[in-house]
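Each chain gets a letter, A, B and so on, in the order the sequences are listed, and its residues count up from 1.
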Number of protein chains: 2
Amino acid sequence: MTAPKTVNLKTLSQALGLSQTTVSRALNGFPEVSEKTRARVVEAAKRLNYRPSPSAASLATGKSRLIGHVVSLSEHIMINPHFADFIAGAGEVYAQSGYDILLRLAPLSEQERIYVNLAQDQRVDGVVVHGPLTGDSRIGILNGLGLPFVVHGRCDDVGEDYSWMDVNNRRAFHRATRFLIELGHRRIALVNGLEAMNFAHRRRQGYDLALEEAGIAPDPALLFSADMVEPYGYNATREMMALADPPTAIVVASVLPAIGITRALADLGLRPGEDVSIITFDDCLSFLQAGYRGGARDIPYFTSMRSSIRDAGKRVAQMLLERIDNPSASPEHELWEADFVIGQTTAPPRQG
Amino acid sequence: MTAPKTVNLKTLSQALGLSQTTVSRALNGFPEVSEKTRARVVEAAKRLNYRPSPSAASLATGKSRLIGHVVSLSEHIMINPHFADFIAGAGEVYAQSGYDILLRLAPLSEQERIYVNLAQDQRVDGVVVHGPLTGDSRIGILNGLGLPFVVHGRCDDVGEDYSWMDVNNRRAFHRATRFLIELGHRRIALVNGLEAMNFAHRRRQGYDLALEEAGIAPDPALLFSADMVEPYGYNATREMMALADPPTAIVVASVLPAIGITRALADLGLRPGEDVSIITFDDCLSFLQAGYRGGARDIPYFTSMRSSIRDAGKRVAQMLLERIDNPSASPEHELWEADFVIGQTTAPPRQG
DNA sequence: GAAAAAATCCAAAGCGCTTTGGAGAGGCAA
DNA sequence: TTGCCTCTCCAAAGCGCTTTGGATTTTTTC
């Protein structure tokens, strides 16, 4: 069928009667080649099915056209399902610009070393930092390496500037908690993510602030912090509902544990909204999306703070590609506000 | 701090007073270098923090130490959450062998072209084929390219041999359906995955066979085929339960729609197990795992056919690495049987 | 002790691309 | 015509590694 012999720059330039230099320049859009020649080269390249070798180009330029995503395996979650949607968004952007994702799994403790190696090896042109902690040491390392990077989220207490894209978690949780307070709730639980993670830390701040403004003392028995999986929501709820003074409302960090909460309530014969109000942060996870809804109707099931993690992935990818194109530009920051969507899981607390 | 100047083979060999050849051979474990010299070289390499350049090595050997995973974005699911767990398993194996994942997002229609390009570019050393269809044309292409690959699942009606790793979906669904029949159920619904996918096709065959053996005519009103997301299970259930003759049992292809089923039943005031039996295929998704369970107890919630998709990822990765090491070996096949685990969602049908 | 065999090591030729530092060819003014 | 641009294009030097085809030294064998 097609030519079995691989055509490289040398072959192509010989076929055209031009030098490799000219062909290379023509293909890469350099100005010192006439449009007529360029057209001829481009046509021949297409006709002969010429594709430049990535490793040769990489060796010559130092650019790999690979974006590093190094993700850690947490205790319960192998790969975070939130991450899957994030990468889907990012991957779309990369694909459009001819980049690929280099995915590496590694425990958090090895990530700094990995960044150093990736940079030294010139294996990737940039990296996305996932799951930033408060005062994350990876930022300092990356700044020192000069490897372009963008953080998904933020790290407080890092004494350096860096590019990040984040959702206003503090405000979202402040608003959600205040909403519940205004409905009349006083016993409000927080089923949070791991508070070592900055996003969860900030969510906690928002929750705390709303309680404080209302003069409600936080109750440690209503505070949870763990990996955001389904059984976590279930177990936390079973535990809380067994208290002498159970909560009348729950703010939860992800739809995954929120599902666990509804399952626990169902076991107890309780109905979300009517018996216990629930507000969840909704990352618009695709496999729950397009309606974890109340039926044919378009009313969402959960009352939620909503922000698409997939869109976040897109945006972070764009920011990173811009940084790669222009590494000396000063860091950029982007903060998104979450939507607040009222669904069927919130109501004033039961009387009595 | 550390040496700012990058140390390459040339530098290293000069520092040692050896030729690049010897150093290269020492580092790569060739026999023609004495153990004494090798030890000396290895020590110096470590001390000087020498790391061979991947792109240079790749250019010289034609090996990239990258494994291609090209995944498609389906209609509802951006990236399949089942895929996330699969890649977690595979990634662990790759990491141990010094491989990385090259992840590319692309619609199914472009995948053949992408495989051709990846092979021609020598960008990857092998690929994993995801989501095989019945009679999938990707197999023929890949065999023709000589690019090592392993299929996760199987493609029937492909007139060629190839390596695959699959779960015995037909037998699992046959067994589950027969189990329900033996409990006394006659109205058994199938909430299947997309039946264009081979795994779903086989699941359907198992279901059909069990019905046929029991002399039950399949009812199209009880057959569903779609992307395995939560709302799918919800909607299918709402639809079926509104029938004049609703099902008393449901066999479902994933825990995700199974959760939707339980939500729909809860809306209708029905209890899984007691009112409607449910058997689901359980891929042991990590974010539901470690117990989508019935409480503190260790009795699983769903009665299920269980097979860890993460373990499948590990196994597929191993098989692929073996194929890469030994490309001329004849294709390997591996078929796993799913466990059948009895939980709380199955019981004989209600009387009357 | 010499020849043969084995053990070490090396120089240099790629792998396929980019890029530096010109060179040749026209066009224009003087 | 000569001199000086501007336009096009090119030869060759890397990028850092692997590997071929010896060369040199050491060990073994008779």
Nearest-Å distance for atom pair [atom1]/[atom2], residues [X] and [N]:
X     : N      : atom1 : atom2 : answer
A/R25 : C/dG22 : CZ    : C1'   : 11 Å
A/K10 : C/dC17 : NZ    : P     : 11 Å
B/Q20 : C/dA11 : CD    : P     : 9 Å
A/K36 : D/dC7  : NZ    : C1'   : 12 Å
A/L27 : C/dC17 : CG    : P     : 10 Å
B/L9  : D/dT19 : CG    : P     : 12 Å
A/Q14 : C/dG16 : CD    : C1'   : 13 Å
A/L12 : C/dT18 : CG    : P     : 12 Å

Please confirm whether the shortest side-chain N or O distance from [X] to OP1 or OP2 of [N] is below 4.0 Å.
X     : N      : answer
A/S19 : D/dC10 : yes
B/N8  : D/dC15 : no
A/S53 : C/dC17 : no
A/T22 : D/dC10 : yes

Taking the minimum atom-to-atom distance to the side chain of [X], which one of [options] wins?
X     : options               : answer
A/E32 : C/dT18, D/dC17, D/dT8 : D/dT8
A/L18 : D/dT19, D/dC9, C/dT18 : D/dC9
B/T21 : D/dT19, D/dC9, D/dC17 : D/dT19
A/L59 : D/dC15, C/dC9, D/dC9  : D/dC15

With sugar-phosphate meaning primed atoms plus P, OP1 and OP2, does [X] contact a base, only sugar-phosphate, or nothing at under 4.0 Å between heavy atoms?
X     : value
A/S34 : sugar-phosphate
B/S58 : nothing
A/T37 : sugar-phosphate

A/S24 and A/T21 side chains, donor-acceptor separation under 3.5 Å: no
Between B/S58 and B/S55: side-chain donor-acceptor atoms closer than 3.5 Å: no
Taking 4.0 angstrom as the limit, do A/K46 and A/E43 come out as a salt bridge? no
What is the distance from atom NE2 of B/H152 to atom CZ of B/F199, rounded to the nearest 0.5 Å? 9.5 Å
A/H69-A/Y94 aromatic ring centre distance below 6.0 Å: yes
When the nearest nucleotide of DNA chain C is assigned to B/G17 and to B/A60 on a heavy-atom basis, which residue is associated with the more 5' position? B/G17
